[in-house]
Number of protein chains: 2
Amino acid sequence: MSGISDQRRATIHDVARCAGVSAATVSKVLRGVSSVRAENARRVRDAVDRLGYRMDPLASGLRNEQRRIIGAVVPDLKSPFFGALVTGLESAAEAAGYTMIVASSRESETREADLVARMSDWRVAGTILAPVRSESGLGAQRMRALDMHAVLVDRASANDRFDTVAADNYAASCGVADLLVGDGHRHVLLHGATRISKAVRTRLEGFTARATALDPRVRIDTLLSDDAVDVQRLAISAYFDTPKADARATAVFSLSQHSTLLVLAELRRRAIRVPDEVALVGFDDAEWMQTTWPSITAVAQPVDAIAERAVHVLLARIEGTTGGYPVQHLEPCVLHARQSGGSADEPSRHVGGG
Amino acid sequence: MSGISDQRRATIHDVARCAGVSAATVSKVLRGVSSVRAENARRVRDAVDRLGYRMDPLASGLRNEQRRIIGAVVPDLKSPFFGALVTGLESAAEAAGYTMIVASSRESETREADLVARMSDWRVAGTILAPVRSESGLGAQRMRALDMHAVLVDRASANDRFDTVAADNYAASCGVADLLVGDGHRHVLLHGATRISKAVRTRLEGFTARATALDPRVRIDTLLSDDAVDVQRLAISAYFDTPKADARATAVFSLSQHSTLLVLAELRRRAIRVPDEVALVGFDDAEWMQTTWPSITAVAQPVDAIAERAVHVLLARIEGTTGGYPVQHLEPCVLHARQSGGSADEPSRHVGGG
DNA sequence: GCGAGACGATAAATCGGTTTACAGCGGAAG
DNA sequence: CTTCCGCTGTAAACCGATTTATCGTCTCGC
């Protein structure tokens, strides 16, 4: 409050006095507990309106062991993926009457562990953690030690202590294999430009397994690194430098958004026609991929579904309605077939799920 | 807490008992107040370590009028700009010993006003609002009514009640005019694809004023709309359809990131060479703009500077070290001259500031 | 008419800290 | 020797809600 207008906020006692009842009665009315005479309830509501009373959510939770707060820790708020995730989490939490506290670990595991501890300081009812590395990283360890309610999201697979929610990377990559191999490609380049997280590894495995199953003769090259952009660019360039056309892939499956961008730029610079000479399918969709020309065929992660599922699973744990062992949830991705993938006119379709 | 391990968290009273002093003394030690004998301070710190005590930030603030919390309300967490902004705000707030509570208004003004009120419920020390529309929108009105400490960022210009912090859109656009007109362009298309916010209008005005000042004969076309993508695409296409080459612009200044993408895609589809036939400069930089080919000349907004400034200005108000009228802060942008702008070999340079 | 039970309301305890008012103590000044 | 002051430390009040224990009242059944 900025000094000038010096009227204190109304407290529950002010409301009680104004309505001629006790604070306990006001509390009951406000939280919808029965056992209040209709007449008194009305007077309380009148007083609330007249005084413009609003409950202090902090004081409200003070006496309870847990507060109606859900913590969220994500590695990076700049990325549209986590931005969308947080937005979804916020909606779902709000719908359930919880406030969200968001913090970014900025891809640092020690910071992640700190933030988890800070969430515990706030006596959050539960925490949703998108780990920097994996389900067994520092943050998850800390949560285990602090015996917190939590759900691991995105960069996490099955865990023996916490529920997990993630995109079905494996199935989605199988879907990409179906598309490319089904389209006649027998030589594919898998390109990964980010740190090799569990998610990226799973994508690689899914594609390889399915492609090999479809046709054992399929040839798969891989180009993985998390070097600087220039180095990676050179690597891609070198790959496509090969004189014999049959020595290089006819399709690229890029395993992350960043990777898609890099490959695309390099193909353009070399004036390789997409998809005629080389088809391109990317993991992780982005708005610009519909807008470029050619538009980019990509796997869209079900970020809203992940967010909603994560909150629901967490709330179930908090309320104790689920018991027993933790569950691994996989949400189906959607493959948006656009121009760069080759075979056009194919509708978007769901791939995988669990 | 998940039930099994049933040891309550240590409270300040536990620490006091363990150290053989009173809770008040522990409180003093913890908050670095002097007037505690060195011997006692040591014993308190020992007890804190032994018990693993951590303060409850909620209970801590309960007695004070304000709590060490800063609220942030942004229109959209999915956008990298606001994601980066929030990350910066979080860092700065944390460095000052505050916790941040972030909420997304999802481009809705009524929701914005709701969130502001909710921040006030939390007794935040101050709020940083990136308004959906402008400095006179519903959120700012509510903050005024609630007499809150606040700073408006990004989509806001001078306000008679709150300090504001934003990128220096005007000066940056002047810089773009310098670049393009200086490069010989005498016919420029200004393209805006998003809702016409105050920021976009300012960019337009800055460019027009400077370009006209440099050479009164400069011709400026404008294409502004917030229609659906397809409609906009058609509009751009139509613009470049003109048969006479001298009837169309030789350079495009796109006023938002989305707009840059749209224009770029359309130029590509029509196989118009960038920058040879048409130069392109965009407002708002993105990672992909360095990676595409040609790379995109763009104005980078000083998001970290904005965040840091916003927090510092807010803290100054909270602590009452600034008085008098609110101040409008403009942070200088950086123009990254890359390939699409034409004249290469020019280093990035700061444009504007205040 | 009386005890039991249901119902509504409230005073008081509680949560975990901070702040205030005051007390004890030792040294310096008068 | 007394007084006064500054320095430490503590008990108690306080913040704004929830929850508990208690109490009065009314009704019902016997």
Side-chain angles (χ1 to χ4, degrees), chain A residues 1 7-45 47-48 51-69 97 99 118 120-125, chain B residues 1 7-45 47-48 51-69 97 99 118 120-125:
Chain A
M1 300 303 136
Q7 42 189 338
R8 243 178 52 268
R9 279 181 76 113
T11 74
I12 200 172
H13 293 101
D14 299 327
V15 175
R17 199 174 322 117
C18 176
V21 297
S22 76
T25 303
V26 177
S27 176
K28 281 183 187 165
V29 173
L30 261 41
R31 287 174 316 110
V33 179
S34 58
S35 80
V36 174
R37 224 172 42 204
E39 162 67 9
N40 276 353
R42 195 186 53 67
R43 296 179 58 182
V44 166
R45 271 187 282 271
V48 165
L51 298 177
Y53 169 75
R54 306 194 108 220
M55 196 191 64
D56 180 339
L58 263 77
S60 157
L62 188 56
R63 200 178 198 278
N64 307 43
E65 180 127 354
Q66 299 176 345
R67 289 155 198 171
R68 291 191 78 81
I69 305 176
T99 302
R118 216 173 302 169
S120 161
D121 291 345
W122 279 79
R123 310 307 201 257
V124 295
Chain B
M1 302 301 136
Q7 41 189 338
R8 245 178 50 267
R9 282 181 77 113
T11 74
I12 200 173
H13 294 101
D14 299 327
V15 176
R17 199 174 321 118
C18 175
V21 296
S22 76
T25 303
V26 177
S27 177
K28 281 183 187 168
V29 174
L30 260 41
R31 286 175 316 110
V33 179
S34 60
S35 80
V36 173
R37 223 173 42 202
E39 162 67 9
N40 275 354
R42 196 185 51 69
R43 296 179 57 183
V44 166
R45 269 187 283 271
V48 166
L51 298 177
Y53 169 76
R54 306 193 107 223
M55 197 190 66
D56 180 338
L58 262 78
S60 158
L62 189 55
R63 199 179 197 275
N64 308 45
E65 182 128 353
Q66 299 176 344
R67 289 154 198 172
R68 292 191 78 82
I69 304 176
T99 303
R118 216 173 302 171
S120 161
D121 292 344
W122 280 78
R123 309 311 200 256
V124 295

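Labels below follow one simple rule: chain letters A, B, ... track the order of the sequence lines, proteins then strands, and each chain is numbered from 1.
With values rounded to the nearest 0.5 angstrom, A/Arg42 atom CZ is found 4.5 Å from A/Glu39 atom CD. Of the inter-residue distances, the one linking A/Leu58 atom CG with B/Arg123 atom CZ reads 8.5 Å to the nearest 0.5 angstrom.
Counting only heavy atoms from C-beta on, B/Met55 has its side chain closest to C/dG17 among C/dG16, C/dG17, D/dG9. With C/dC15, D/dT8, C/dT10 as the choices, the nucleotide that has an atom nearest any side-chain atom of A/Ser22 turns out to be C/dT10.
By the side-chain contact (heavy atoms from CB on, under 4.5 Å) test, B/Ser27 pairs with B/Ile12, B/Arg31, sequence neighbours left out. Remark: A/Asn40 pairs with no residue by the side chain to side chain donor-acceptor pair (under 3.5 Å) rule, at least two apart or across chains. By the side chain to side chain donor-acceptor pair (under 3.5 Å) test, B/Ser22 is found to be paired with B/Thr25, residues two or more places apart in sequence or in another chain being considered.
Atom CG of B/Leu58 and atom P of D/dA17 are 13 Å apart (whole Å). As rounded to whole Å, 13 Å separates atom C1' of D/dG16 from atom CZ of A/Arg67. A straight line from CZ of B/Arg17 to C1' of D/dT10 spans 16 Å, rounded to a whole angstrom.
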(request) May I have the step-by-step check of side-chain contact (heavy atoms from CB on, under 4.5 Å) for B/Val48 and B/Leu30, ending in yes or no? (result) CA-CA 9 Å; B/Val48 166; B/Leu30 260 41; 4.1 Å; yes

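Looking at A/Arg118 and A/Asp121, no side-chain N of the basic residue comes within less than 4.0 Å of a carboxylate O on the acidic one, giving no salt bridge.
Nucleic acid contact class of A/Ser35 (heavy atoms, under 4.0 Å, all strands): sugar-phosphate only. Counting any heavy atom pair closer than 4.0 Å across all strands shown, B/Val21 reaches sugar-phosphate atoms only and no base atom.
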Are any protein N/O atoms closer than 3.5 Å to N/O atoms in nucleotides 19-23 of chain C? If there are, list each pair with its distance.
residue : atom : partner : partner atom : Å
C/dT19  : OP1  : B/Asn64 : ND2          : 3.0
C/dT19  : OP2  : B/Arg31 : NH1          : 3.1
C/dT19  : OP2  : B/Arg31 : NH2          : 3.3
C/dT19  : O4'  : B/Arg63 : NH1          : 3.1

Hey, what are the protein-to-nucleotides 22-26 of chain D N/O distances that come in under 3.5 Å?
none

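Mapping B/Ala59 and B/Gly20 onto DNA chain D via the closest heavy atom, the residue that lands nearer the 5' end is B/Gly20.
From one end of the helix from C/dG1-D/dC30 to C/dG30-D/dC1 to the other, with five pairs defining each end axis, the axis direction shifts by 60° (rounded to 10°).
Residues B/Ser120 and A/Arg9 have side chains that bring a donor and an acceptor to within less than 3.5 angstrom of each other.
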